[in-house]
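Just the heavy atoms: all of them, side chains too, but no hydrogens, waters or symmetry mates, feed the values below.
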Amino acid sequence: MWRPSISNCVWSTLLLAIFVQQALAQRTPTISYITQEQIKDIGGTVEFDCSVQYAKEYNVLFLKTDSDPVFLSTGSTLVIKDSRFSLRYDPNSSTYKLQIKDIQETDAGTYTCQVVISTVHKVSAEVKLSVRRPPVISDNSTQSVVASEGSEVQMECYASGYPTPTITWRRENNAILPTDSATYVGNTLRIKSVKKEDRGTYYCVADNGVSKGDRRNINVEVEFAPVITVPRPRLGQALQYDMDLECHIEAYPPPAIVWTKDDIQLANNQHYSISHFATADEYTDSTLRVITVEKRQYGDYVCKATNRFGEAEARVNLFETIIPVCPPACGQAYIAGAEDVSATSFALVGILAALLFAR
């Protein structure tokens with residue numbers, strides 16, 4: 001009678017053990033499919049599919065696993081009380097389908113499909129949901145700048161949104177940036193040595209292709225010493241007529257402006273009228289009206305402007321003419337008596353006649 005050898009018995013036992021292990025391994029729950037990463041717009045719809053094998057006797061969960069995990073479903077039952085969420089189970093493919101409608105920004109994150117085998121053993125698969133969000137420029141971005149001429153200026157601009165927004169810098173009226181270009185891309189715009197010509201409005205534009213993007217206006221103010229220009233350095237006017245002397249001042253902060261003659265500061269009185277007109281924060285037009293010019297009022301006048309960064313001055317020479325200059329003498333009444341008016345009129349007629357015969 002044949003008896004199996006000990007070695008044959010051991011071999012059969014090993015084969016049986018391997019077969020049992022394989023059979024058990026085949027019945028261990030697995031996740032065969034999970035939806036790939038999703039990128040959706042706010043207000044859209046997304047669906048996550050999770051296909052499981054050998055999990056009929058196990059609990060299948062959907063969770064939102066961010067900083068604080070939130071249970072969404074267990075088996076084919078939805079747990080979360082949100083009408084935007086729905087859950088379907090397809091028994092033919094053993095697939096759980098989690099759907100979210102009217103997607104909100106807070107829905108972005110990681111979603112996990114999980115099969116609970118034991119308290120210490122779980123099978124999981126993850127899918128990430130990214131929600132497109134229009135750019136919003138952060139409050140910690142630069143809002144305005146005041147700097148002294150020659151100092152370094154740094155403007156920063158940051159924005160939230162998905163995809164990550166691109167930051168582009170421009171100037172008002174498409175003026176050239178201090179970088180010698182019309183645009184500059186980056187979170188930080190740096191001016192190493194700011195000049196008064198660099199002042200004005202800068203635009204920080206955040207764009208990621210979602211909506212119209214976002215923009216912030218950043219006002220750059222540069223402090224500098226006064227610069228004076230005189231449109232007419234020499235002006236002539238006849239006796240007893242008014243005359244306006246002008247100077248244009250460019251400075252920031254706004255300067256103190258005075259007019260002097262022979263080192264004496266002038267003031268508003270019956271002989272002089274001084275007015276200042278600010279056309280912008282950095283520009284001021286100053287006008288000195290010499291009222292009813294007298295002999296002693298001919299000469300040099302000085303327009304002087306001073307702020308904490310320095311001072312500047314410019315001269316205007318007023319000289320005598322025979323014929324009144326218009327303006328501002330247009331229609332001006334002569335303040336002397338009628339005899340003087342007649343005499344002046346005859347003198348003017350004589351001069352004009354002489355000029356005509358001279359031709």
Once rounded to the nearest 0.5 Å, what's the spacing between atom [atom1] of [X] and atom [atom2] of [Y]?
{"X": "I323", "Y": "Y241", "atom1": "CD1", "atom2": "OH", "answer": "10.5 Å"}
{"X": "K304", "Y": "C247", "atom1": "NZ", "atom2": "SG", "answer": "12.5 Å"}
{"X": "H248", "Y": "T284", "atom1": "NE2", "atom2": "OG1", "answer": "11.0 Å"}
{"X": "L266", "Y": "I264", "atom1": "CG", "atom2": "CD1", "answer": "8.0 Å"}
{"X": "E156", "Y": "Y158", "atom1": "CD", "atom2": "OH", "answer": "3.5 Å"}
{"X": "S76", "Y": "D90", "atom1": "OG", "atom2": "CG", "answer": "12.5 Å"}

Do you know which two heavy atoms are closest between [X] and [Y], and how far apart they sit?
{"X": "P165", "Y": "N208", "answer": "CA-CB, 3.8 Å"}
{"X": "V145", "Y": "T142", "answer": "CG2-CG2, 3.7 Å"}
{"X": "I249", "Y": "A305", "answer": "CG2-CB, 3.7 Å"}
{"X": "A159", "Y": "I167", "answer": "CB-CD1, 4.1 Å"}
{"X": "S130", "Y": "E37", "answer": "OG-OE2, 3.6 Å"}
{"X": "Q53", "Y": "S32", "answer": "NE2-OG, 3.7 Å"}

Tested for side-chain contact (heavy atoms from CB on, under 4.5 Å) against S275, the lone hit among L288, N268, T287, D244 is T287
Run L87 and F85 through side chain to side chain contact (heavy atoms under 4.5 Å, CB included) and show every step you take. CA-CA 7 Å; L87 182 71; F85 287 74; over 6 Å; no
Apply side chain to side chain contact (heavy atoms under 4.5 Å, CB included) to residues C157 and S141 and explain how you reach the verdict. CA-CA 5 Å; C157 187; S141 301; 4.3 Å; yes
Cluster check [X], [Y]: I/L/V/M/F/W/Y, side chain < 4.5 angstrom:
{"X": "Y252", "Y": "V194", "result": "no"}
{"X": "V46", "Y": "L72", "result": "yes"}
{"X": "Y54", "Y": "Y33", "result": "no"}
{"X": "I34", "Y": "V123", "result": "yes"}
{"X": "I80", "Y": "L129", "result": "yes"}

Measure the shortest side-chain to side-chain distance between [X] and [Y] over non-hydrogen atoms and say whether it is less than 4.5 angstrom.
{"X": "V290", "Y": "Y272", "answer": "yes"}
{"X": "L235", "Y": "M243", "answer": "yes"}
{"X": "C50", "Y": "I31", "answer": "yes"}
{"X": "L61", "Y": "V116", "answer": "yes"}
{"X": "P253", "Y": "F309", "answer": "yes"}
{"X": "I291", "Y": "H271", "answer": "no"}
{"X": "V316", "Y": "D300", "answer": "no"}
{"X": "S286", "Y": "E246", "answer": "no"}

Result block: side-chain N/O donor-acceptor pairs under 3.5 angstrom for residues 219-230, not counting sequence neighbours:
unit_1 : atom_1 : unit_2 : atom_2 : d
E223   : OE1    : S148   : OG     : 3.4
E223   : OE1    : R308   : NH2    : 3.1
E223   : OE2    : R308   : NH2    : 2.8

Check the side chains of [Y] and [X] for a donor-acceptor pair under 3.5 angstrom, ignoring hydrogens and angles.
{"X": "N317", "Y": "R315", "answer": "no"}
{"X": "N59", "Y": "T74", "answer": "yes"}
{"X": "Q36", "Y": "Q38", "answer": "no"}
{"X": "T65", "Y": "T112", "answer": "yes"}

Ignoring hydrogens and angles, tell me if any N or O in the side chain of [X] forms a donor-acceptor pair with the backbone of [Y] under 3.5 Å.
{"X": "R84", "Y": "D102", "answer": "yes"}
{"X": "W169", "Y": "G186", "answer": "yes"}
{"X": "Q265", "Y": "W259", "answer": "no"}
{"X": "T260", "Y": "D263", "answer": "no"}

Does N174, at its CG atom, have more than 12 non-hydrogen atoms belonging to other residues, nucleotides or ligands within less than 6.0 Å? no
How about E57: does its CD atom have over 12 heavy atoms from other parts shown lying under 6.0 Å from it? no
Yes or no on side chain to side chain contact (heavy atoms under 4.5 Å, CB included) for E294 and T292, after CA distance, side-chain angles and deciding distance? CA-CA 6 Å; E294 301 174 1; T292 317; 5.7 Å; no
Output side-chain donor-acceptor pairs under 3.5 Å for residues 177-185, partner residues at least two apart or in another chain, one line each.
unit_1 : atom_1 : unit_2 : atom_2 : d
T179   : OG1    : S181   : OG     : 3.0
S181   : OG     : T183   : O      : 2.8

Closer than 4.0 angstrom, basic N to acidic O: yes or no for K64 and D66? yes
By side chain to side chain donor-acceptor pair (under 3.5 Å) - contacts of S124 (at least two apart): Q114
Is the charged tip of R170 near the ring of Y202: under 6.0 Å from the six-membered ring centre and within 45° of its axis? no
Mind running side-chain hydrogen bond (donor to acceptor under 3.5 Å, both in side chains) on N173 and R171 for me, showing each step along the way? CA-CA 6 Å; N173 299 323; R171 283 189 74 176; over 6 Å; no
Tell me, with the steps shown, if Q99 and S86 meet side chain to side chain contact (heavy atoms under 4.5 Å, CB included). CA-CA 5 Å; Q99 187 183 81; S86 62; 3.4 Å; yes
Residue pairs meeting salt bridge (Lys or Arg N to Asp or Glu O under 4.0 Å), one or both in residues 132-152, sequence neighbours left out, come to D41-R132, E105-R133, E152-R190
For Y111, enumerate each residue passing the ring pair (Phe, Tyr, Trp, His ring centres under 6.0 Å) test, keeping only those at least two apart in sequence or located in another chain. F48
For Y89, ring pair (Phe, Tyr, Trp, His ring centres under 6.0 Å) partners two or more places apart: Y96
